[in-house]
Amino acid sequence: MPPVRPKGFGKPKDTKKTIGRILSYMGKFKALWLVVFVCVLISSGASVAGGMFTKIALNKYIIPLLQQYQAAGSLTPEVAAGIRSFGGLILGVLSIFVLGVIASWCNSRLMLYISTNLLYNVRTDLFNKLEQLPIKYYDAHTHGELMSRFTNDTDTMREMMSQTIPQLLSSIITVVAVFILMIILSPLLTLVMIVTMVFITMLMGAIAKRSARAFRENQKSVGELNGFIEEMIEGQKVVKVFNHEDKARERFAVLNGNLRKAGTAAMTFGGVMGPLMNNLSHMQYATVAIISATLMISGFNTAETSNWFIGVLDLGTIAAFLQYTRSFSQPISSMTQQANSVLNALAGAERIFGVIDEEPEVDEGKFTLVNAYDAKESDGNDRLVQSYAYTGEWAWKNPDDNSLRQLQGEVVFDHVTFGYKPEKTVLHDVCIHAKPGQKIALVGSTGSGKTTTINLLSRFYDVPEGSGTITYDGIPLNDISKAALRKSLGMVQQNTHLFTGTIRENIRYGNLEASDAQVYEAAKLANADSFIRHLENGYDTIITGDGSSLSQGQRQLLAIARAAVANPPVLVLDEATSSIDTRTEKLIEDGMDSLMKGRTTFVIAHRLSTVRNADEIIVLEHGKIIERGSHDQLIAAKGRYYFLYTGNRITLDE
């Protein structure tokens, strides 16, 4: 049996490392980021310009013009000229704001392009890594957990890239620009603002730390719930057959409750930060307003009575400073609110990079599989020569010296001991010698090690060093590349998986270069042609939902046809006829015999009538070979095989 699924998923990553990984993806769009920065700079500059406009408008135009108008009692030419000049200022500022709007629009469009392409690269890397991971990885993690990487976690990154980062960049530029202008206006009031902001920042930082943990736990709970839902939907028939609905609901309630608690905690911190920051910023605004008004009333309102530290505290300066105070606190508030999105995205990115950083399937094999043919030498002897066209004859190629060795299908298990976990051995000192063209049957009770033997032959798992060896045509299995090894094996598994597409495409999955004629011949060989042609669209019938519209037996017939069209040198039939009725089994028996003719075949079967004609039947029990021989020999021995075949237990007295 495969290893038990762990509670955790992936290794926790350092936040700094995760940020670095995200920046490495962002670095592929350096030129666009420069344009984005310029656009943000323009839009932020336009918003900052409003404060200086307020000061200039009050001090240079509004207050002086009102005073002149009140003194003259009418609209004098000087006042009219001042109004026209003020109108020109308004048009200039309006032009700046329009430019800021255009820059903001360009920034949004560019960030949309960058975020979608960045996530395209992330998803590509994630899917490529999933294709490189060994089978044991999938044995240890649910499909729902893996799917949550492509859905929830990438969505959080998309939101951060398309919305949060531009807003943060704009907020940072705005804060820096506003801070510089505030110092120019009044260093004293700036110091007051900094003191209050330090207090606010410390409070927000303490909340952010707890918020990060809450969001990480929330993402983990989402993955666990998705994994459970995926399992329940996939196994809904089993749930209903065994009346497991109540237990499923109870388990769902627990996982859903965990997500509710984690989500409540995360959203609580996220919801608190915004209002709290807004109220604190109002207190900051009021504090600065009171101090600046007090200083102005006290006489610090002219260049003669003030110094550089206090600044010239006239009405225009105070109005501009208060506006900048709001402009300073709003970006800070926005950054604290966007911090929730960043923390959520970092938690999702950790999980994505946790998969990407997993060790890929190790393949140190060097022998490859090539087409070959026999060529006559000058001395009249045959020599194996590589062919770049299909010949029906295969050879192992050693890239070190380009030598060829004919693929005969001789497989030897030499004292193999194996366990999925070091502390639990599954196979004990197993020895099997399958000669070319032989049919080897593996029988035994559930958990005896039959499927594990096939897993080792397919190199889904490797035999540890010092625990025996497996050779294929005299070549150690670990020296053969996994791609070449699996190309030489045609496998029909008990649990059939069909892909979304036509029946023709599903059969051709075994050999993508197969012609339609070869597909039809393979279907006939597996006795699938008849039921396929009775479907509404025949071979062009669309299969969805893993072939849910077909019976289990029909699905398995398609799997047999898929193996037949691959035309492999070695066949592995793992309960290939377990879901086929006795009549259908008889009908395809000749076709299966034709398919196995001349090929080394390993057959795992609980239905022992299917292995009677095997050259050697190997009986496994608790990972050990307890009997071996032909059907007649094992029946005559009246041992474990006799009991499995007949159901009659023989005592020692008999």
Side-chain angles (χ1 to χ4, degrees), residues 1-3 128-140 358-372 384 386 394-436 438 440 442 449-491 493 566 568-572 574 599-602 604 618 620 623-625:
M1 296 294 291
N128 289 341
K129 174 51 67 78
L130 289 176
E131 290 296 296
Q132 298 171 4
L133 293 175
I135 291 296
K136 62 182 179 182
Y137 185 85
Y138 295 94
D139 289 339
E358 287 288 339
E359 290 295 328
E361 188 173 26
V362 178
D363 186 5
E364 299 176 352
K366 58 183 180 180
F367 280 83
T368 58
L369 190 64
V370 297
N371 284 286
L384 204 59
Q386 181 177 353
W394 300 91
W396 300 111
K397 181 178 180 180
N398 187 343
D400 293 339
D401 55 10
N402 291 324
S403 62
L404 299 179
R405 182 182 303 189
Q406 186 174 19
L407 193 161
Q408 297 177 330
E410 182 181 23
V411 178
V412 177
F413 283 68
D414 185 14
H415 299 283
V416 172
T417 298
F418 174 78
Y420 293 103
K421 293 183 178 181
E423 65 274 12
K424 185 177 181 180
T425 303
V426 177
L427 294 181
H428 302 266
D429 197 31
V430 170
C431 295
I432 302 173
H433 186 184
K435 297 177 181 178
Q438 277 192 329
I440 305 297
L442 302 176
K450 303 184 298 298
T451 300
T452 299
T453 303
I454 299 304
N455 285 341
L456 295 179
L457 176 60
S458 307
R459 286 197 69 189
F460 292 152
Y461 295 85
D462 286 327
V463 179
E465 187 175 353
S467 299
T469 59
I470 303 175
T471 59
Y472 194 157
D473 290 332
I475 306 171
L477 209 61
N478 290 352
D479 288 343
I480 302 174
S481 75
K482 291 183 177 180
L485 171 67
R486 292 165 187 169
K487 187 176 181 180
S488 74
L489 301 174
M491 183 173 292
Q493 297 176 315
V570 176
L571 277 174
V572 178
D574 186 355
R599 293 181 171 90
T600 304
T601 306
F602 288 85
I604 296 177
I618 295 174
L620 288 164
K624 298 179 181 179
I625 297 177

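Reckoned from all heavy atoms, side chains included, excluding hydrogens, waters and symmetry mates.
- Crowding of Lys129 atom NZ: a count of heavy atoms from other residues, nucleotides or ligands under 6.0 Å exceeding 12.
- With sequence neighbours excluded, the residues satisfying side chain to side chain contact (heavy atoms under 4.5 Å, CB included) with Asn371 are Ser387, Tyr390, Thr391, Trp394.
- The distance from atom CG of Leu427 to atom CG of Leu620, rounded to the nearest 0.5 Å, is 7.5 Å.
- The structure places CD of Glu364 at 9.5 Å from NZ of Lys482, a figure rounded to the nearest 0.5 Å.
- The stretch residues 423-432 participates, sequence neighbours left out, in these side chain to side chain donor-acceptor pair (under 3.5 Å) pairs: His415-Asp429.
- Of the candidates Val411, Ile604, Ile618, Ile440 forms a side chain to side chain contact (heavy atoms under 4.5 Å, CB included) with just one, namely Ile618.
- Between the CG atom of Leu485 and the CG atom of Leu457 there is a distance of 6.5 Å, given to the nearest 0.5 Å.
- Ion pairing of Arg486 with Glu361 is present here, as a side-chain N (NZ or NE/NH1/NH2) and a carboxylate O approach within less than 4.0 Å.
- If you take CG on Leu442 and OG1 on Thr451, they are separated by 9.0 Å, rounding to the nearest 0.5 Å.
- Taking each heavy atom of Leu477 and Tyr472 in turn, the nearest pair found is CD1-CB, 3.9 Å.
- At distances below 3.5 Å, at least one donor-acceptor pair connects side-chain atoms of Gln438 with backbone N or O atoms of Lys435.
- When the side chain to side chain contact (heavy atoms under 4.5 Å, CB included) test is applied to Thr600, the partners found at least two apart in sequence or on another chain are Ala434, Val570, Phe602.
- Inter-residue side-chain proximity for Leu571 and Leu489 is flagged as unmet; no heavy-atom pair is nearer than 4.5 Å.
- Counted by atom type alone, Tyr420 and Thr452 present one or more donor-acceptor pairs between their side chains at under 3.5 Å.
- Annotation: side chain to side chain contact (heavy atoms under 4.5 Å, CB included) contacts of Leu130 (sequence neighbours excluded): Leu133, Tyr138, Leu146, Phe150, Val355.
- Applying the side-chain hydrogen bond (donor to acceptor under 3.5 Å, both in side chains) criterion to Lys397, with sequence neighbours excluded, gives Gln386.
- In this structure, Lys450 does not pair ionically with Asp574, as no charged nitrogen and carboxylate oxygen lie closer than 4.0 Å.
- The main-chain N or O of Val463 is never found under 3.5 Å from a side-chain atom of Ser467 such that the two would form a donor-acceptor pair.
- Here Gln406 pairs with Glu393 under the side-chain hydrogen bond (donor to acceptor under 3.5 Å, both in side chains) rule; sequence neighbours left out.
- Here Leu407 contributes atom CG and Leu384 contributes atom CG; the two are 10.5 Å apart, rounded to the nearest 0.5 Å.
- Counting heavy atoms from C-beta outward, Thr453 and Ile432 have side chains that approach closer than 4.5 Å.
- The nearest pair of heavy atoms linking Pro569 to Ser488 is CD-O, 3.1 Å.
- Partners of Ala484 under the side chain to side chain contact (heavy atoms under 4.5 Å, CB included) rule, at least two apart in sequence or in another chain, are Leu369, Trp396, Ile480, Ser481.
- Between Pro134 and Glu359, the shortest heavy-atom distance links the atoms CD-O, 4.1 Å.
- The list of salt bridge (charged side-chain N to carboxylate O under 4.0 Å, His left out) pairs with a residue in residues 400-413, not counting sequence neighbours, reads Lys366-Asp400.
- Residues Phe413 and Ile470 come closest through the heavy atom pair CE2-CD1, 3.4 Å.
- Partners of Asp473 by salt bridge (charged side-chain N to carboxylate O under 4.0 Å, His left out), not counting sequence neighbours: none found.
- Rounding to the nearest 0.5 Å gives a distance of 8.5 Å between OG1 of Thr368 and CG of Asn398.
- A donor-acceptor contact shorter than 3.5 Å is absent between the side chain of Asp414 and the backbone of Gly468.
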